[in-house]
Amino acid sequence: MKRYVYINDDNLAKDIYCDNRISNRKYTILNFLPKNLWEQFSRFMNQYFLLIACLQLWSLITPVNPASTWGPLILIFAVSSSKEAWDDYNRYLLDKKANEKEIWIVRQGIRKLIQAQDICIGNIVWLRENDEVPCDLLLLGTADPQGFCYVETAALDGETDLKTRSIPSACMGIDVDLLHKIKGVIECPSPNKDIRRFDANMRLFPPFLDNDIFPLTIKNTLLQSCYLRNTEWACGVAVYTGNQTKLGMCRGIAEPKLTAVDAMIDKLTGAVFVFQIVVVIVLGIAGNVFKDKQGRKLWYVQYPKEGPWYELLVIPLRFELLCSIMIPISIKVSLDLAKSLYAKFIDWDVEMVDPETGIRSNAANQAISEDLGQVEYILTDKTGTLTENKMIFKRCCISGRFYGNESGDALTDAQLLNAASTGSADVILFLKVMAICNTVIPVRSKSGTISYKALSQDEEALVCASARLRMVLENKNGNILDINFNASPMQYEVLDTLEFTSDRKRMSVVVRECQSGELFILSKGADETILPLTYSGQQVRTFAEAVEQYAQMGLRTLCLAWRKLEEDEYQEWTSMFKEANSTLVDRERRVAEVCQRLERDFEILGVAAIEDRLQEGVPETIEILRKAGINFWMLTGDKMSTAIQIALSCNFVSPEPKGQILIIDGKTEDEVCRSLDRVLLTTRITESESKQDVAFVVDGWALEIALKHYRKPFTELAILSRTAICCRVTPSQKAQLVELLKLCDYRTLAIGDGGNDVRMIQQADIGVGISGREGLQAARAADYSIGKFRFLKRLILVHGRYSYNRTAFLSQYSFYKSFLICFIQIFFSFISGVSGTSLFNTVSLMAYNVFYTSVPVLFSVLDKDLSERTVMQHPQILFDCQSGRLLNPSTFAGWFGRSLFHAIVVFVITIHSYAFEKSVMEEVAMVAVSGCIWLQAFVVALETNSFTIFQHLAIWGNLVGFYAINWIVSSIPTSGMYTIMFRLCEQPSYWITMILIVATGMCPVLALKYLRYTYRPSRINLLQQSERLGGPILSSGIIEPKSRSSLDKDIPTDSVYEPLLSESPSATRRSAGPTQRLDSVQSQSPPHSTHTRKDN
Amino acid sequence: MELLNHSRFTQQELPACKPILTPALVMATFIVIGITFIPIGLSHLSASENVVELVDQYDEVCIPADSPDPDVVYSKRIGYIQDETTDKTCIRTLIVPKKMKQPIFVYYQLDQFYQNHRRYVKSRNDEQYRDPSASAKTTNCEPEAQLSEGQPIVPCGLIAWSLFNDTYTLSRNDVALPINKKGIAWESDRTHKFGDNVYSKNFQNRSLIGGGKLIDNIPLNQQEDLLVWMRTAALPNFRKLYGRIETDLEVNEIIKVVIQNNYNTYSFNGKKKLVISTTTWIGGKNDFLGMVYIIVGGVCLLIALVFITVYLIKPRPLGDPSYLSWNKNPASVQ
């Protein structure tokens, strides 16, 4: 699909294409309510609550006032709707501001001021310096005579440096006044989201130029939301408008991520729902049977002889409503509140503020903090994430001579300085390539110092180094470069730039020396793409050795090369290059092919080695997180040897002999397959036999083949191996690897800093962005942004772990208290003729759910089971979170059992102590409610690990609040509860009953908890004990290999009753997932691999 | 912002007390519970023991029906109780087992009577009972809301309609023993729940007659039997206050009770009992709390004893790092 844009044609394009009104809104005023409600009701829980609320409107079956469900339901809906509405309104305001901005455009040859939303395709838009670009423009003219202008693209890709944009050659030299009348047609692709490509053509109509077709690239465009900088004015023709701009197409509402904890809660809710249905059916049948056998004899009830058709349904529906509180409406509110507080704690944490930049950590996604505590795989970028991304030119090898080997810094190497000043030809050529072969823009400040703006940190390092070595890049004026060497100026004209792509891995420039008119091609790039291109006869062995040697030190290497060009060779090539550049289809590949024709027969000048230092604290962080049982994968675009070197230096792999690195390589399918099988075999043996540390290394090419053809063995390897190093991988491969691990049901965290990590960050369960030097693109796409890699350990071990523990308690407790009151209602139905009477009144039920039981537990978000220091010292404790040991069906069963037990205690004691003459409905109900409140206060207290002042206030204050509220209600004459609470509180037997309920309910729980705590303590218990009894615990530094099956076996499966206590070791979350998968992979892959081997 | 940075709350560093379950703490808790619970239980039991209670189940003996066939008995009894013309007087004699000090309470007890039945417990309208101008408000009162002509029944609803109407007359040595029926209802019911100028209207005027009748020219709040009855019971077996005897009863005194056995518990095989009882600080006779207190106290002491024994036999230091699985010998993990 193509679109044709007619420049300056007011009549044509108006109707075909959309106007420039941008809209980020999700709703309009009309569709807000239906759309928003529809969205909210697509969740199971909301549908359930709505059903219950509707059933309650039928007064025949409702046990309580419908307000008890409608109230909270409407509140929840109102809160989340108004949040959505507010966000949408703010988006609307922003849109409006952008849409109504005044913009100069050309209409009928005259410049006019219109609102930005009225810009049409084909309009010519004029911009001044520091204006924001209102839509995607094709540049036609600028104030700069060379046709350049500078833009800041931070809003688009997060890169803060200035980028050069140039007008197409066709428009070069057109007079400013004539620009108003320019006519032509632009053939460009349909709107798409690729912000790096714009493969289009332009043809100007006479009288401007002949019928030549001119190629256009992204370099000729000004994209929406960029800012025009350092250029007085620029004008361009609108090619994409409104929501069809590159930015508009890139926008998309990220899919909400669901945490493992949420999924587990949903699953448990489903199970509770099934249980509830079963209870309702059983009680419904029992109720109808009782009615027929006994109920009709109860003359005082006056059952009619003939009931309506729905008579059989009445009792089951009553029980459905009575049991509806089993799924607590408060859980959603409590969890949302807790989650936003977890996110705030991350934002607030001063220990995660980057001391250099003052950047705070930020939780953009508030909903997934629990997942941080369950991370199993971390996929990390290397450059900028593990390293500082501050490139420093350290060593070089020029024509076989090594510089900087003694001092460790080539810039202080006297020999190199000497060679540079004396003008050794090789060195000068080397420095020239360093200074010229780049896309750096020198910016001269007012004081005269030159600073460099560069896209690539490597280029900046090279230009800065060459300047230090007296080859100074002084000015870039269009195509003309001013170089100053030893105070003698030189000028070069850049004819063509053969750009760097991640496939080519090299960049070249074709330059003409202005004085002599000689043509050169200067090139720099990765060794494997440059060294094979030498002219036959040059010895590259020394260079290869140098590359090897530098890579061993963890340095990034670049090979520098050059060649003289003949005039006619260049002329022939340049037309091909032009043609390739103007193709619309598959341009990148075509251009690469053409470039290859010129990039041959190079003379290698030398090797430059650039250091990228590890960030502070990286090795320690990785070691701690590996101890915590997290597997690390490094995904980098760098080359294998550098990657391995970095991996070794940051504790990715233990050094030999403990660590073992297995390399998967090969160029063809067969080679890769054989290599993969070999690695897999070794890994299997080492995994099963010893505690060796195995890592596999794979490069992008082999990975491509492995993922395409040998997915199964590769998946198995991915599961078996704790560590992987993937080098030379593309952004999409990074995302594919995340996908692979996610498919195996692992929780993945991707961390990166650059635009190339965005896809992986979005793909992973948790995306963490480092607000680093490569811009904010990654940080913006991420769920969490942190300033430095080392904060990751705090993010996971402290914030993630606490969040998981707290949510696990909060959610299960919410179910516990709902079950408690629900069971009492069920028991009561057996002594009320199975007729579906509610023991409790509306006020008590509502207040119980919303207030009495929600407030104390909300403060469990402040609970800390272990101190931060202990967790940092014993990161292994994270395993309990990873395996979901605090929230799973078995712990849930424990809470279920506890609520059943407590319901029995409350019910039996209440009906026996308030029997006979004391058996007044309202009093019995209040005694039972008080019993529940007392019990739940002690349950929360027993499960709280650390009491701050807030917890004390919430737990005990809530008890006081309970009495205060009931006294108030009891003093209203018209309320059904008038005087009840006062009467009860005067009776000694009321208080004796309360004490008995608490003692009977809590003593068994306490005894069991104590026994477990002392005689079969969990790891958390052990650490708590030693932490609080003083005395440091020594943890030997053995890294536990992740043999999950053995770890799971290690923990004994206990009796059924044990889950009364909150942790139960059995039944980890993953129990059914990867282990099964692993088995299936293991059982399937051997025949598979032998099969392929036979093929070979 | 500065404040946020240094707030102990935002940094999750609020001073906290972190108790752990040390053996001493747990054992002490159980011992304390045991030691305090047993005396409370004992005193509760003794208080219950001091209550003198006379219970007489009269539903079966006060009705003439003798037949080997339970179905025949059932229908005979129903025929008897529903017959308005027969004299249903029944005379019972009770012997006072112990000296009973006044005030002595007279209760009637009904068993298997579901005052808490869903259809029953909701069938009332408190507004009508309270407010004389709201006599037409009979919501929830179905099926005892209105007469067929549409006049509202006051008090409406099944509860009022099924008012208990057996009466007891007590005498001692042929001297009448007065039962004071004033002040048997809750004070708050008399003053707030039932109006002092609300009078019964159209009550028990439908073809189906439930229980007792009311006196139309006495305000509802002075007919305390109704008030007591309308405090619905939560359990199917319940006692309701009938009146008070304001003299002491001596040991072995013989009390003659003349019962008007009007109320139908025979259709649903319920029981009727007359209860004459004194009270103490725990109320009426109730051994349950005392027993459970003693049991819980005893069990707690037992648990404490077991814990101490286990602790002495197999002491286990808390927080021994050697129990941490990652500190164990790798071989033992496998």
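Note on naming: letters A, B, ... go to the chains in the order of the sequence lines (proteins, then strands), and numbering restarts at 1 for each one.
- Ring geometry for A:Tyr1010 against B:Phe307 counts as tilted: the plane angle lies between 30° and 60°, on a 0 to 90° scale.
- For a residue to count as touching a neighbouring chain, one of its non-hydrogen atoms must lie under 4.5 Å from one of that chain's; by this rule B:Val275 does not touch chain A.
- For chain B, the option among A:Arg318, A:Gln951, A:Glu351 with the highest count of heavy-atom pairs below 4.5 Å is A:Arg318.
- For A:Glu917 and B:Lys240, the salt-bridge test fails: no basic side-chain N is under 4.0 Å from an acidic carboxylate O.
- Proximity to chain A is absent for every atom of B:Asp126, based on heavy atoms less than 4.5 angstrom apart.
- Residue contact with chain A, scored on non-hydrogen atoms closer than 4.5 Å, involves the side chain of B:Phe37 exclusively.
- Taking the six-membered ring for Trp and the full ring otherwise, B:Phe164 and B:Tyr108 have centroids separated by under 6.0 Å.
- Taking the ring axis of B:Trp161 as reference, the NZ or CZ atom of B:Arg206 does not stay both within 45° of it and closer than 6.0 Å to the ring centre.
- For B:Tyr107, the part lying near chain A is the side chain, with the backbone staying farther off; criterion is any non-hydrogen pair under 4.5 Å.
- When heavy atoms are compared at a cutoff of 4.5 Å, A:Ser59 approaches chain B solely by way of its backbone atoms N, CA, C and O.
- For the ring pair (Phe, Tyr, Trp, His ring centres under 6.0 Å) test, no residue two or more places apart in sequence or in another chain qualifies with B:Phe105.
- For B:His117, the parts lying near chain A are the backbone and the side chain together; criterion is any non-hydrogen pair under 4.5 Å.
- Under the rule for a disulfide bond (SG atoms under 2.5 Å apart), the partners of B:Cys141 that lie at least two apart in sequence or sit in another chain are B:Cys156.
- Neither the backbone nor the side chain of B:Glu127 comes within less than 4.5 Å of any heavy atom in chain A.
- Residue A:Val301 touches chain B through both its backbone and its side chain, counting heavy-atom pairs closer than 4.5 Å.
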